Amino acid sequence: MTGGYDDRDGHIWMDGEMVPWREANVHILTHAMHYASSVFEGERAYNGKIFKSREHSERLKRSAEMVDFEVPYTVDELEAAKAEVLKASGLQDAYIRAVAWRGAGEDMGVASSRNPVRVAIAAWEWGAYYGDAKMKGAKLDISKWKRPSPETIPSHAKAAGLYMSKHAAEAKGCSDAMMYDYRGYVAEATGANIFFVKNGEVHTPDPDCFLNGITRQTVIGMLKDRGITVHERHIMPEELEGFEQCWLTGTAAEVTPVGQIGDHTFEVGELTRDIAESYEKLVRE
């Protein structure tokens with residue numbers, strides 16, 4: 001699939017119907033465009049099967065509840081729609097994007113309870129999220145923005161408006177940016193969770209103010225199955241220089257080694273490679 005994302009062949013599922021790709025549009029006064037009243041899921045299919053599909057559908061509905069609207073489809077209906085989209089795409093390996101949002105309607109203020117909730121699902125071919133970083137390790141900037149307190153936003157929702165900093169990182173020649181949280185602890189990358197290795201043990205930030213990713217949870221399970229100690233805790237910035245290895249996790253990122261964060265460098269070591277390769281095998285089982 002080539003060309004801009006608005007100009008492609010194929011179909012997108014919208015509000016219960018398969019719509020030609022180029023006709024899957026919304027009005028300029030769609031509430032979500034102005035107030036970020038939108039939640040979404042990023043999922044990957046391997047060998048024709050969406051990895052942990054149902055967990056993603058369940059999270060989409062939970063995320064919507066956190067930002068005060070309800071997805072008007074059951075989990076089973078979302079699962080059926082995703083299967084229909086994947087089949088129509090003709091792809092075995094694909095990225096799946098499900099999105100729900102407050103559409104255009106009677107309201108155009110911050111509150112929009114009378115506006116309809118819309119849902120769409122698309123699938124496309126998408127390779128490695130960070131390009132060749134899987135071999136040599138991604139280079140991360142350190143973002144000037146911080147993850148805010150969970151008292152200020154629904155930080156555990158996968159919602160629009162909670163993603164930033166990547167453009168600035170790319171302008172500096174980096175793949176992404178690492179963010180601190182509102183207290184100054186290491187948090188995550190803009191759209192991926194982060195792990196560190198020291199003396200054979202793994203350290204990862206406690207997700208108390210950001211999304212506890214499905215891939216993150218999967219990888220922690222894999223590490224524990226290997227008998228590797230995993231510390232979920234607050235990590236201070238000054239600890240970065242003492243870590244030996246680092247990787248990112250996410251549906252798009254999968255397991256991606258990190259070679260550099262700011263001035264700190266990391267080796268793409270044995271454990272990092274083992275987890276990346278084992279995850280690749282797991283999703284294709």
Side-chain angles (χ1 to χ4, degrees), residues 12-17 24 26-27 29-44 50-86 95-123 146-164 179 181-182 187-188 190-193 205-218 220-221 232 249-252:
I12 292 175
W13 187 95
M14 288 189 74
D15 303 319
E17 299 180 358
V26 296
H27 193 273
L29 293 183
T30 292
H31 191 269
M33 186 176 295
H34 298 260
Y35 296 103
S37 51
S38 172
V39 296
F40 69 98
E41 283 296 318
E43 311 174 40
R44 279 191 187 264
I50 301 173
F51 184 64
K52 297 200 170 181
S53 179
R54 195 171 189 87
E55 289 183 37
H56 283 283
S57 294
E58 292 169 346
R59 187 172 68 179
L60 182 73
K61 290 182 68 70
R62 288 197 305 273
S63 293
E65 291 168 1
M66 290 181 205
V67 296
D68 295 325
F69 69 83
E70 182 178 352
V71 174
Y73 296 94
T74 66
V75 169
D76 286 341
E77 288 170 333
L78 292 171
E79 288 297 289
K82 286 191 286 186
E84 184 179 359
V85 168
L86 184 59
Y95 182 83
I96 315 296
R97 170 59 53 86
V99 57
W101 71 96
R102 287 195 182 274
E106 297 179 59
D107 295 324
M108 199 51 205
V110 175
S112 59
S113 60
R114 293 181 294 177
N115 290 15
V117 173
R118 310 282 306 278
V119 181
I121 301 170
K146 293 183 177 181
R147 287 293 186 218
S149 165
E151 297 175 329
T152 64
I153 61 165
S155 58
H156 294 99
K158 193 169 179 64
L162 303 183
Y163 295 79
M164 60 191 80
M179 304 180 73
D181 70 17
Y182 66 104
E188 59 175 349
T190 59
N193 294 124
D206 181 4
D208 57 0
C209 66
F210 55 87
L211 191 70
N212 182 10
I214 290 174
T215 308
R216 177 186 185 274
Q217 297 171 50
T218 300
I220 288 174
E232 296 184 72
T249 64
T251 295

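Here the structure is a predicted model, which means the values were calculated and not measured.
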Would you confirm whether [X], through its side chain, and [Y], through its main-chain N or O, come within 3.5 Å as a donor-acceptor pair?
{"X": "Thr251", "Y": "Gly42", "answer": "yes"}
{"X": "Arg97", "Y": "Ala123", "answer": "no"}
{"X": "Ser53", "Y": "Ile50", "answer": "no"}
{"X": "Asn193", "Y": "Gly213", "answer": "yes"}
{"X": "His31", "Y": "Val110", "answer": "yes"}

Tell me every residue that passes side chain to side chain contact (heavy atoms under 4.5 Å, CB included) with [X], counting only those two or more places apart in sequence or in another chain.
{"X": "Phe51", "value": "Tyr46, Thr218, Tyr279, Leu282, Val283"}
{"X": "Ala81", "value": "Trp13, Ile121"}
{"X": "Glu77", "value": "Tyr73, Thr74"}

Distance-minimising heavy-atom pair for [X] and [Y]:
{"X": "Ala98", "Y": "Leu60", "result": "O-CD1, 4.2 Å"}
{"X": "Ala32", "Y": "Trp101", "result": "CB-CB, 3.6 Å"}
{"X": "Cys209", "Y": "Ser155", "result": "O-CB, 3.2 Å"}
{"X": "Val85", "Y": "Ala122", "result": "CG1-C, 3.9 Å"}
{"X": "His27", "Y": "Ala104", "result": "CB-CB, 4.3 Å"}
{"X": "Asp181", "Y": "Lys146", "result": "O-CD, 3.3 Å"}

Between [atom1] of [X] and [atom2] of [Y], what distance do you get to the nearest 0.5 Å?
{"X": "Tyr182", "Y": "Thr152", "atom1": "OH", "atom2": "OG1", "result": "8.5 Å"}
{"X": "Phe210", "Y": "Met179", "atom1": "CZ", "atom2": "CE", "result": "11.0 Å"}
{"X": "Lys82", "Y": "Ile96", "atom1": "NZ", "atom2": "CD1", "result": "8.0 Å"}
{"X": "Glu43", "Y": "Arg54", "atom1": "CD", "atom2": "CZ", "result": "12.5 Å"}

Heavy atoms, side chains only, cut-off 4.5 Å: are [X] and [Y] in contact?
{"X": "Ile214", "Y": "Glu55", "answer": "yes"}
{"X": "Ser37", "Y": "Val67", "answer": "no"}
{"X": "Val71", "Y": "Val119", "answer": "yes"}
{"X": "Thr30", "Y": "Arg102", "answer": "no"}

For this session: Sequence neighbours left out, what pairs pass salt bridge (charged side-chain N to carboxylate O under 4.0 Å, His left out) with at least one residue falling in residues 150-162?
Result: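 For residues 150-162, and leaving out neighbouring residues, there are no salt bridge (charged side-chain N to carboxylate O under 4.0 Å, His left out) pairs at all.
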Exercise. So, Glu79 and Ser57: side-chain donor and acceptor under 3.5 Å apart, yes or no?
Worked result: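 The criterion, which ignores hydrogens and geometry beyond distance, is satisfied for Ser57 and Glu79.
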Problem set entry | Sequence neighbours excluded, every pair satisfying side-chain hydrogen bond (donor to acceptor under 3.5 Å, both in side chains) that has a member inside residues 113-123 |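 Qualifying pairs, neighbours excluded: Asp15-Arg118, Glu106-Arg114, Asp107-Arg114.
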Problem set entry | Any pair counted as side-chain hydrogen bond (donor to acceptor under 3.5 Å, both in side chains), so long as it reaches residues 59-70, sequence neighbours left out |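 Output for this query lists Glu41-Arg59.
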For this session: Determine, stepwise, if the pair Leu29 / His34 fulfils side-chain contact (heavy atoms from CB on, under 4.5 Å).
Result: CA-CA 8 Å; Leu29 293 183; His34 298 260; 3.8 Å; yes
For this session: May I have the step-by-step check of salt bridge (Lys or Arg N to Asp or Glu O under 4.0 Å) for Asp208 and Arg147, ending in yes or no?
Result: CA-CA 11 Å; Asp208 57 0; Arg147 287 293 186 218; over 6 Å; no
Problem set entry | Pairing of Glu188 and Arg216 as salt bridge, 4.0 angstrom limit |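 Here Glu188 does not pair with Arg216 in a salt bridge, since their nearest N and O are not under 4.0 Å apart.
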